[in-house]
Amino acid sequence: MLSPELPNCPELTGCAGCAILVEKFMVTVRFAPSPTGYLHLGSARTALFNWLYARHTGGRFLLRIEDTDRSRSDSRFLEEILRGLRWLGIDWDGEPIYQSQRFSLYREKARMLLAQGKAYMDGRAILFSVNKGRTVEYEDIVHGKISVATDEIKDQVLVKSDGSPSYNFACVVDDADMAITHILRGDDHISNTPKQILFYEALGLEPPRFGHMPLILGPDGAKLSKRHGGVSVEEYRKEGFLPEALVNHLILLGWYPGEEHEILTLEEAVRLFDIADLNAVQAKFDMQKLRWLNAEHIMRKKTEDLLTLIKEQLGAAGVDFSGMGDDYLLKLIDLYKVRMKTLREFVGLTECFFRDDFSVEEEGRKKYLDKQESRKNLGLLADRLEALQEFTARAIEEACRSLAEEKGLKPASLIHPARMAVSGRTSGAGLFEMMELLGREKVLTRLRGAWR
RNA sequence: GCCCCUGUCGUCUAGCCCGGACUAGGACAUCGCCCUUUCAAGGCGGCAACACGGGUUCAAAUCCCGUCGGGGGCGCCA
């Protein structure tokens with residue numbers, strides 16, 4: 001699909017004139033990070049929406065690295081930002097452009113304005129003179145008409161004394177040079193926009209369309225801080241969040257896909273996205289909703305696709321799973337897939353499968369294991385299980401229930417102590433499935449295990 | 001201080017542009033019930049909002065004005 005501005009041409013398929021038109025009207029957006037920090041949620045969301053728009057319209061999504069402040073820029077940050085984008089599923093077209101390599105272009109444009117009397121020297125810097133007494137007006141994609149009196153705008157630095165360009169000037173020169181058609185960015189840039197429009201006018205250029213998305217707030221309504229989820233995208237990965245979930249939440253924080261589509265994938269988002277529906281209201285980041293979305297995406301994901309991620313979590317937690325085959329891990333993941341909100345939680349949930357000295361809940365131990373009666377029953381259960389032909393969940397359950405019946409017990413009074421003995425926890429996956437996976441030997445040892 | 005953006009359940013939102021079908025719908029969270037060997041998952045249900053004050057109108061969540069609240073900006077940072 002093409003940009004809405006594209007003239008109606010029924011023969012858009014082939015002719016050379018149309019090819020030029022297509023090129024000219026193709027949506028071109030960009031993400032322009034400054035490599036002076038990590039990729040945080042706010043910038044990730046900005047990148048995401050630009051990308052969604054490009055992919056939805058079949059346009060281009062370009063990358064521009066705003067590294068004009070060389071002392072603060074660091075390639076480590078850049079790498080982390082690019083890694084973060086890739087992880088989220090955001091790809092870009094062509095090679096990134098680096099502002100640090102284009103200083104001569106900015107200076108040339110500034111000298112042009114100087115020569116035209118639209119700018120003046122101030123020491124070694126070049127300043128743009130703003131004509132007072134009028135208003136700059138533009139139609140914001142998300143906010144509608146926005147107008148500002150030029151009296152509110154003071155003369156703007158184009159080139160600093162050290163020869164580097166100011167942010168606003170480099171931004172305009174590059175956006176024009178890259179043929180950017182739409183700029184989606186944070187609300188914090190609203191007041192930059194009139195200044196930039198003035199530059200476009202002075203340079204004799206047509207400004208692109210601007211859209212300013214409200215900033216994401218922390219749960220307390222204040223700016224997203226480290227304390228409240230305002231950490232890098234990388235942190236969320238380490239915490240065990242799926243990129244699908246993070247992207248999903250970021251999308252919901254700026255655009256509403258409809259009641260039927262709250263849980264969606266990037267592909268669905270690309271298909272459904274409509275730039276006209278961007279929210280104009282600032283939204284608070286909601287960790288609960290993120291966790292819920294994460295759980296939903298984990299449940300929907302194929303177990304095989306979870307395997308590598310789970311191994312990463314186990315490895316990061318120092319769990320030794322070298323003795324376990326993928327088949328075993330796959331079954332284990334199946335057992336806990338609907339029980340974790342984050343991948344990291346898997347590690348704690350499944351401790352009893354990886355070590356015999358797993359931790360034991362005190363409450364549960366007192367309630368179920370410290371009783372003489374329970375121990376005796378567990379011993380009996382162990383004997384039954386030992387005699388089993390096949391050690392399957394089905395057979396185990398049968399043995400367990402018939403034992404309970406013979407003893408005149410409720411199955412639960414056998415099951416709860418058994419779960420405690422086998423896993424050290426009062427909650428978890430189905431007892432019989434756990435036992436089958438654990439294997440007869442471990443189960444018998446633990447059931448008979450004198451409660452350490 | 002000045003300028004700009006913004007205000008529907010605790011949170012994300014639908015509805016607002018094109019007033020009436022809104023006893024304001026959905027989702028997360030929370031509470032209860034069902035299912036059940038536990039915990040989840042799933043199903044069912046409950047609680048819960050049009051910031052406030054004026055207009056306009058037969059009629060306002062929807063249009064207008066003001067107040068208050070929230071956020072952002074006012075760098076030779078980006």
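By convention in this document, chain letters (A, B, ...) are assigned in the order of the sequence lines, proteins followed by strands, and residues within each chain are numbered from 1.
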Could you check, using the six-membered ring where one of them is a Trp, whether A:His249 and A:Phe285 have ring centers closer than 6.0 angstrom?
yes
Does A:Lys160 put a side-chain nitrogen or oxygen below 4.0 Å from OP1 or OP2 of B:C77?
yes
Who does B:U11 pair with, Watson-Crick or G-U, both distances under 3.5 Å?
B:A27
Compare side-chain N and O positions of A:His143 against OP1 and OP2 of B:U6 and report whether any pair is under 4.0 Å apart.
yes
Considering only atom P, compute the distance from B:G71 to B:A48 and round it to an integer number of Å.
29 Å
So, is A:Arg401 close to the B:U37 phosphate, meaning a side-chain N or O under 4.0 Å from OP1 or OP2?
yes
Interatomic distance where CG belongs to A:Asn294 and P belongs to B:A41 [whole Å]:
13 Å
Nucleotide nearest A:Ser191 (side chain, heavy atoms from C-beta), chosen from B:C12, B:C77, B:G73:
B:G73
Of the candidate nucleotides B:C12, B:G71, B:C77, which contains the atom at the shortest distance from the side chain of A:Leu252?
B:C12
Paired with B:G1 by Watson-Crick or G-U wobble geometry, both distances under 3.5 Å: which nucleotide is it?
B:C74
What's the gap between B:C9 and B:C74 when it is taken at their C1' atoms, as a whole Å value?
36 Å
A:Ala283 has its side chain closest, among B:C4, B:U13, B:A29, to B:U13
Could you walk me through whether A:Glu267 and A:Arg271 pass the salt bridge (Lys or Arg N to Asp or Glu O under 4.0 Å) test, one step at a time?
CA-CA 6 Å; A:Glu267 295 71 49; A:Arg271 185 165 50 80; over 6 Å; no
Which part of the nucleic acid, if any, lies within contact of A:Lys367, taking any heavy atom under 4.0 Å across all strands shown: a base, the sugar-phosphate backbone alone, or nothing?
nothing
Just compare B:A41, B:C76, B:G70 and give me whichever is closest to any side-chain atom of A:Ser161.
B:C76
Hey, is the side chain of A:Ser166 poking within less than 4.0 Å of OP1 or OP2 on B:A78, counting only N and O atoms?
no
Between B:C18 and B:C28, how far apart are the P atoms? Round to whole Å, please.
34 Å
Among the candidates B:C77, B:C28, B:C12, find the nucleotide nearest to the side-chain atoms of A:Lys284.
B:C12
Ignoring backbone atoms, establish whether A:Lys289 has a side-chain N or O less than 4.0 Å from OP1 or OP2 of B:U30.
no
Centroid separation A:His182 to A:Phe49 less than 6.0 Å
no
Just by distance, do the side chain of A:Tyr106 and the backbone of A:Cys171 share a donor-acceptor pair under 3.5 Å?
no
Going by purine N1 to pyrimidine N3 plus the second Watson-Crick contact, or the G-U wobble pair, all under 3.5 Å, which nucleotide sits opposite B:G69?
B:U6
Give me the one residue out of A:Glu398, A:Glu397, A:Glu406 that meets salt bridge (charged side-chain N to carboxylate O under 4.0 Å, His left out) with A:Arg384.
A:Glu406
P gap between B:G32 and B:A41, integer Å
15 Å
Check every atom of B:U37, B:C4, B:C77 against the side chain of A:Phe432 and return the nucleotide holding the closest atom.
B:U37
My understanding is that a pair needs two contacts under 3.5 Å, Watson-Crick or G-U wobble. By that rule, which nucleotide pairs with B:G32?
B:C44
Of B:U38, B:C12, B:A78, the nucleotide closest to the side chain of A:Arg339 is B:U38
Please state the P separation for the pair B:C17 and B:A61 - nearest whole angstrom.
12 Å
Please step through side-chain contact (heavy atoms from CB on, under 4.5 Å) for the pair A:Arg300 and A:Thr265, ending with a clear verdict.
CA-CA 11 Å; A:Arg300 283 166 167 70; A:Thr265 61; over 6 Å; no
Between CD1 of A:Ile180 and CZ of A:Arg64, what distance do you get to the nearest 0.5 Å?
6.5 Å
Which part of the nucleic acid, if any, lies within contact of A:Gly430, taking any heavy atom under 4.0 Å across all strands shown: a base, the sugar-phosphate backbone alone, or nothing?
base
So which nucleotide from B:C12, B:U6, B:U11 ends up closest to the side chain of A:Asp286?
B:U11
With the side chain of A:Arg419 defined as its heavy atoms from C-beta on, choose the nearest nucleotide among B:G42, B:U37, B:G25.
B:U37
Applying a 4.0 Å non-hydrogen cut-off, can you work out what A:Leu215 is touching in the nucleic acid: base, sugar-phosphate, or nothing?
sugar-phosphate
Pick base, sugar-phosphate or nothing for A:Ser427, based on heavy-atom distances below 4.0 Å to the nucleic acid.
base
Please pick, from B:U13, B:G71, B:C5, the nucleotide with the shortest atom-to-atom distance to any side-chain atom of A:Gln282.
B:G71
C1' gap between B:G45 and B:C52, integer Å:
34 Å
Whole-Å P distance, B:G66 and B:C3:
13 Å
Applying a 4.0 Å non-hydrogen cut-off, can you work out what A:Glu262 is touching in the nucleic acid: base, sugar-phosphate, or nothing?
base
Taking the C1' atom in each of B:U37 and B:C31, what is the distance between them to the nearest angstrom?
25 Å
Which distance, rounded to the nearest 0.5 Å, do you find between the CZ of A:Phe273 and the CG of A:Leu48?
8.5 Å
To the nearest Å, how far apart are A:Arg425 CZ and B:A40 P?
11 Å
With a non-hydrogen cut-off below 4.0 angstrom, is A:Asn279 in contact with a base, only sugar-phosphate, or nothing?
sugar-phosphate
